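Structure, as structure tokens:
Every chain is numbered from 1, with letters handed out A, B, ... down the list of sequences. In this text the structure is predicted, and so the values were computed from the model without any measurement.
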Amino acid sequence: MEYKFREIEPKWQKKWEEAGLFRAVDGSERPKFYALVEFPYPSGHGMHIGHIKAYGGLEVVSRKRRMQGYNVLFPIGFDAFGLPTENTAIKDGVHPRVLTDQNIRKFTDQLRRVGFSFDWSRTVDTTDEGYYRWTQWIFRKMFDAGLVFRDKTLVNFCPHCQVVLSNEDSQGGKCDICHNDVVQKSKDVWYLRITEYADKLLEGLDHVDYLPNIRNQQENWIGRSTGAFVNFPLKEVDDKLRIYTTRCDTLFGVTFMVIAPEHPVLDTYADKVKNMDEVRAYRAECAKKTEFERTQLAKDKTGVRIDGLTAINPITGREIPIFISDYVMMGYGTGAIMAVPAHDTRDYAFAKKFGVEILPVIEGGDISKDAYTGEGRMINSGFLNGLTDKKSSIERMLVELEKRGVGEAGVQYKMKDWAFNRQRYWGEPIPIVHCPKCGMVGVPYEELPLKLPEVENFEPGEGGESPLAKVASFVNCKCPQCGGDAKRETDTMPQWAGSSWYFLRYTDPHNDKSLADPEKLKYWMPVDWYNGGMEHVTRHMIYSRFWHRFLYDIGAVPCPEPYAKRTAQGLVLGANGVKMSKSLGNVIDPNDVIDRYGADVLRTYILFMGDYEQAAPWSDSSVRGCKRLIDRFAALTDLLTEEPVPSLETSLHRTIRKVSEDIESMKFNTAIAAIMTFVNDVYAAGAIDRASLMTLTKLLCPFAPHICEEMWQELGGEGFCSAASWPEYDEEKTKEATVEIAVQLCGKVRGRLTVPVDATQEDVLAAIQADGTLSPMLAGKQIVKQIYVPGRLCNLVVK
RNA sequence: GCGGGCGUGGCGGAAUUGGCAGACGCGCCGGAUUUAGGAUCCGGUGGGCAACCUUGCGGGUUCGACCCCCGCCGCCCGUACCA
């Protein structure tokens, strides 16, 4: 048989669809398996090679599980709101709706061409009114629960995209969409109170199975730290400066304080500050710096001493100077710190530059050279003197702080509340009305979806105003509460909104009564296995866990955590070993590969390339190795016999075991290697019987389903190979009668010996002594120790 | 700086988790077939003429170390003046 992929592949794709082969069945008695992959953003560029790898992993697992009798839900959809589409719309003068529909069609065609076994009857589109109705519904529920608030603060702003960004969207000081520098800007912003869920999100990690680095990154992102809040009285006025510290044990070593440039105490007591001009100049200088510059110049400390305000150490009563410096951030803790230069590297650098006293309170290190951040015996610290353990020093200090009423234990998170609004058109309208009398009022549930109005012009307005603000018929409305004239919120939700709950919708995608039928949610949730990219671990994964946990708390979903297991695939790099990019010209288009070699080869190669979780470079020549496998597999029909081929039995059973195990642990590369080995064995044997070839066909089917369907038909198999039962192996038949073991002398391999598998240590020793080439090496030596690992080796330690 | 991961032939990568290092594939070399091949098939392929040497480098534990421990070096990812 020949692998005529241009005919075979579209033919079977059509047959699968007609037979509804990959439809999941709600409420089936069979065990359920919900496999989830990150739905794509349907960009105009079409599918990327990375999508094949990202989806190919669970595609193989899903196909295997179906053959094993599971009721598999393996859905796909489109995360279609977002800026790239909107920007193309502005540039080309086409409505984003039109572009989105085009792109979705393009993606659908491409995904089908690969032969993915998605349940196409459950496709979701986040821009569909029937979908975003429920995105708005969830937002409204959060609004009711007090998790939505509005605040005017310094936020991340992208001047290029003209939008406010969340912390997650501006990692590394760069805009997540256009990768330009983000600036800090004071703006009125909608926030979701995700910090209220910080502990639940942390705790939830104990109950799920995420890859260690995924868990670790989430923990770091949430960044819980325990410490203390301490109030330092001000000498000149009747007020206090509140700070957060994780090292209250070093309170005796405080020699100055630092506040962030934006700290409000400066405005409150401006009249007390004698050098206010100097302070203002410094603040202006800091405001000009981007976040990027501020962190780049990390080593070089700048600042100004505030003349006219002095703090008093609440424990020692000592007077200490206050500085303003941009190494203290307004966005973390209280925007003010107690500086202990002897034991903090940043405070040390600052103290050296500004000539402030450095007072050691922990023994060890050399204060003249560097800050000492290690542990040691407490000195110069009153009631703490002599203590050697950091933990007990902190505890002792906390007791003292509370006793004197000047401080208390506290917790801080690195994670910030989620800046949730975007000043753009192509997103879900935020269902809130601003009423002059009632304030912010939620749009009634029965009025959802609050539809996106048609507009002429999608460009953001002056000063980053949403395009919706120009649509009077949308903006002007009646207050749902008092009926008076009111105005609608005109900002839209960020791209992450729709993707924060899409996995729930797959369980019941057409429901118009609720986001999904509780019975169906109960049947399918949680997702058994979620695979996607590492780049989403501290964005989408955090957001969606938060939304899901909230939905659990209000009784809308049956389980607290949405994903029981999470894995991540490594990048597909260009042939030159670096990330694919248009500018480098190293982009591989999956469509070209399919045109040239067929989808089965593409699917097989992308998983054969290397460790699934590791990045691996594309290789045009290596693809041909997989092309050969498929061709050689197809040609096995030439070797078909009706009699069993006994010499293949052990090899076949081992292959079944290896492939079955490796698919479950995502070791697709070695699973494919095992299939290659077996095919090699068949060619070496020169013949294969029908039953064995059918088994091999089933093993290869998850990877290369089209050629396997063709082979299955050729061999007279019933129905679809994709629906055939997964092969079982017989443990006994994986064992050979004899085995070759290594014979070692003092740990060095000196020869090999074939012995029966069940040979005892005595048998092996006797065999060695009887062996003509091995026995002379023992001549005149005394065996001190003998180690025998059955089936592996025998090591003789001699004197 | 901190957190996580990695380092194995010319290349991508295997190695039952302490038991014959280099499976499988690419590439390369030789041969067959072919008018021809960048098609197909067969054989070979870590280094060294050898004894032997080889999993980034140096120590250690062990009968035995790619695997465990200690100390370096180098890459990648994440995060970043987080108090």
Side-chain angles (χ1 to χ4, degrees), chain A residues 171-173 211-221 223-225 227 243-248 250 258 260 291 294-301 325-329 331-340 344-347 349-350 373 412-416 534-535 537-538 570-571 573 575 577 605 608-611 613-626 628-629 631-632 635 658 661 667 669-680 683 740-752 784-798:
Chain A
Q171 295 182 25
L211 287 180
N213 52 334
I214 294 176
R215 178 185 179 143
N216 174 266
Q217 270 193 36
Q218 291 214 342
E219 283 173 347
N220 285 347
W221 187 257
R224 185 180 205 269
S225 91
I243 61 101
Y244 175 73
T245 179
T246 54
R247 294 298 304 274
C248 64
T250 61
V258 187
E291 187 80 0
R294 229 166 123 165
T295 51
Q296 276 302 295
L297 303 167
K299 296 284 169 290
D300 194 26
K301 300 277 182 288
S325 172
D326 67 357
Y327 84 90
V328 172
M329 305 289 150
Y332 185 79
T334 61
I337 61 157
M338 62 176 218
V340 186
D344 180 282
T345 50
R346 296 151 306 176
D347 298 346
F350 191 90
T373 54
Q412 279 293 303
Y413 302 92
K414 285 190 204 172
M415 188 169 69
K416 307 258 181 48
M534 282 305 293
E535 71 275 18
V537 168
T538 52
L571 289 177
L573 303 173
Y605 175 62
F608 181 65
M609 287 173 80
D611 185 339
E613 288 163 28
Q614 238 36 63
W618 180 267
S619 162
D620 278 321
S621 53
S622 287
V623 178
R624 290 214 298 276
C626 290
R628 275 182 206 135
L629 170 70
D631 284 338
R632 276 157 63 81
K658 181 77 179 152
E661 289 172 357
K667 290 160 85 176
N669 52 340
T670 51
I672 294 165
I675 291 172
M676 288 172 169
T677 304
F678 182 71
V679 171
N680 290 343
Y683 276 95
E740 190 185 64
I741 63 166
V743 179
Q744 295 183 335
L745 219 57
C746 299
K748 294 213 181 276
V749 180
R750 295 294 168 188
R752 286 162 222 286
V784 186
K785 196 171 178 183
Q786 186 182 357
I787 296 104
Y788 175 52
V789 184
R792 299 264 166 225
L793 54 76
C794 178
N795 185 16
L796 301 176
V797 184
V798 296

Could you check whether Arg215(A) gets within reach of a base, just the sugar-phosphate, or nothing at all, counting any heavy atom under 4.0 Å? nothing
Between G7(B) and G13(B) - P atom distance, rounded Å: 10 Å
Using only side-chain N and O atoms of Asn680(A), determine if any of them is under 4.0 Å from OP1 or OP2 of G25(B). yes
Not counting sequence neighbours, which residues clear salt bridge (charged side-chain N to carboxylate O under 4.0 Å, His left out) with Arg215(A)? List them please. Asp206(A), Glu219(A)
Output yes when at least one side-chain N/O atom of Lys667(A) is less than 4.0 Å from OP1 or OP2 of A15(B), else no. yes
Gln218(A) meets the side chain to side chain donor-acceptor pair (under 3.5 Å) criterion, sequence neighbours left out, with Arg545(A)
In dot-bracket form, 5' to 3', how is RNA chain B paired? Count Watson-Crick and G-U wobble pairs only if both distances fall under 3.5 Å, and write | where the partner sits on another strand. (((((((..(((......[....)))((((((.......))))))((....))..(((((..]....))))))))))))....
Contacts of Thr373(A) meeting side chain to side chain donor-acceptor pair (under 3.5 Å) (sequence neighbours excluded), chain-then-number -> none
With Lys301(A) as the cation and Tyr327(A) as the aromatic partner, state whether NZ or CZ is under 6.0 Å from the six-membered ring centre and within 45° of the axis. yes
Counterpart residues, side chain to side chain contact (heavy atoms under 4.5 Å, CB included), relative to Asn680(A) (two or more places apart): Arg632(A)
With sugar-phosphate meaning primed atoms plus P, OP1 and OP2, does Gln412(A) contact a base, only sugar-phosphate, or nothing at under 4.0 Å between heavy atoms? nothing
Could you tell me whether Lys416(A) contacts a base, only the sugar-phosphate backbone, or nothing, with contacts defined as non-hydrogen atoms closer than 4.0 Å? nothing
Among all residues two or more places apart in sequence or in another chain, which pass the side chain to side chain donor-acceptor pair (under 3.5 Å) test with Lys414(A)? none
Across all chains, not counting sequence neighbours, the salt bridge (charged side-chain N to carboxylate O under 4.0 Å, His left out) partners of Asp631(A) are Lys627(A)
For nucleotides 26-34 of chain B, 5' to 3', base contacts (B), sugar-phosphate-only contacts (S) and non-contacts (-) with protein non-hydrogen atoms under 4.0 Å give SS-------
Looking at Tyr244(A), I'd like to know whether one of its side-chain N or O atoms comes within less than 4.0 Å of OP1 or OP2 on A83(B). no
Under 4.0 angstrom, heavy atoms only, what part of the nucleic acid is Val789(A) near: base, sugar-phosphate, or nothing? base
If a protein heavy atom is under 4.0 Å from the base, mark B; if only from the sugar-phosphate, S; if neither, -; do that for nucleotides 64-69 of chain B going 5' to 3'. ------
Which residues share a side chain to side chain donor-acceptor pair (under 3.5 Å) with Thr334(A), sequence neighbours left out: none
List in chain and number order the residues that pass salt bridge (charged side-chain N to carboxylate O under 4.0 Å, His left out) with Lys667(A), two or more places apart in sequence or in another chain; answer none if no residue qualifies. none
For Leu793(A), which residues count as a side chain to side chain contact (heavy atoms under 4.5 Å, CB included) partner, sequence neighbours excluded? Ala742(A), Gln744(A), Val789(A), Asn795(A)
Using a 4.0 Å heavy-atom cut-off across all strands, classify Arg224(A) as base, sugar-phosphate, or nothing. nothing
Heavy atoms only, 4.0 Å cut-off, all strands: where does Ala336(A) land among base, sugar-phosphate and nothing? nothing
Need one value for Asp611(A): base, sugar-phosphate or nothing, where a base atom within 4.0 Å counts as base even if backbone is also close, heavy atoms only. sugar-phosphate
Below the 4.0 Å mark, does A14(B) have OP1 or OP2 next to a side-chain nitrogen or oxygen of Asn669(A)? yes
